[in-house]
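Contents: one structure, followed by commentary.
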Amino acid sequence: MNKVYYDDKCVVCHSGITYLKKKHPKSDIKFFEISRLDDPKPYSKAIIGEFETNKYKGFDTIIILLRKLGYKRLSVKIGIPVLKQFLSILYNIFAYLIRPSLPKREV
């Protein structure tokens, strides 16, 4: 089973995942809100994806998630080495510096 663990208290994360779930209701990807897990700590730093037998973290999860949802061309483009490095840095700035200071959603 394909799984994605995301911070549902983050307004940006929740909005993005909600959009993807509505746009792809028949997807085989199961989305897990980390606030509902018994131990959310291992999943609280960045988006985590489990696809087939592989685990991904952060921007790599986003690339694989987009590919699985049918955005193959986009996932290939953002996976180009130099662009991927740049976007990974931006993702990490968001995940580790900006997201913690954003207002939290009530869940």
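Source: prediction; values computed, not measured.
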With sequence neighbours left out, write down each residue that passes salt bridge (Lys or Arg N to Asp or Glu O under 4.0 Å) with [X], or none if nothing qualifies.
X	answer
R36	E33
K84	D60
D8	none

In Å, rounded to the nearest 0.5 Å, how long is the span from [atom1] of [X] to [atom2] of [Y]?
X	Y	atom1	atom2	result
R67	L74	CZ	CG	10.5 Å
S75	I80	OG	CD1	10.5 Å
K9	R105	NZ	CZ	10.0 Å
I64	E52	CD1	CD	9.0 Å
N2	S27	CG	OG	7.5 Å

Quick one, [X] and [Y] - any side-chain contact, counting heavy atoms below 4.5 Å?
X	Y	answer
K30	V4	no
L90	F59	no
H24	K68	no
I62	I47	yes
I63	Y56	no

Under a single-linkage definition using a 4.5 Å side-chain heavy-atom cutoff for Ile, Leu, Val, Met, Phe, Trp and Tyr, are [X] and [Y] assigned to the same hydrophobic cluster?
X	Y	value
V107	I34	no
I48	L69	no
F32	V12	no

Counting only heavy atoms from other residues, nucleotides and ligands, does the tally under 6.0 Å from NZ of K55 exceed 12? no
State whether the number of non-hydrogen atoms from other residues, nucleotides or ligands found under 6.0 Å of K21 atom NZ is greater than 12. yes
Go through the steps for I78 and L66 under the test side chain to side chain contact (heavy atoms under 4.5 Å, CB included), then give the verdict. CA-CA 10 Å; I78 64 176; L66 291 173; 3.8 Å; yes
Would you please name every residue forming a side chain to side chain contact (heavy atoms under 4.5 Å, CB included) with K23, sequence neighbours left out? Y19, Y71
Could you name each residue pair satisfying side-chain hydrogen bond (donor to acceptor under 3.5 Å, both in side chains) that touches residues 37-50, not counting sequence neighbours? none
Chi angles and distances behind the side chain to side chain contact (heavy atoms under 4.5 Å, CB included) call for F51, T61: CA-CA 9 Å; F51 301 99; T61 298; 4.3 Å; yes
How far apart are the C-alpha atoms of L102 and V11, what are their side-chain angles, what is the distance that settles it, and do they pass the side chain to side chain contact (heavy atoms under 4.5 Å, CB included) test? CA-CA 8 Å; L102 291 175; V11 175; 5.9 Å; no
Closest non-hydrogen contact found for A95 with P100 is O-CD, 3.5 Å
Summary of ring-ring contact (aromatic ring centres under 6.0 Å, His included) pairs that have at least one residue in residues 77-107, sequence neighbours excluded: none
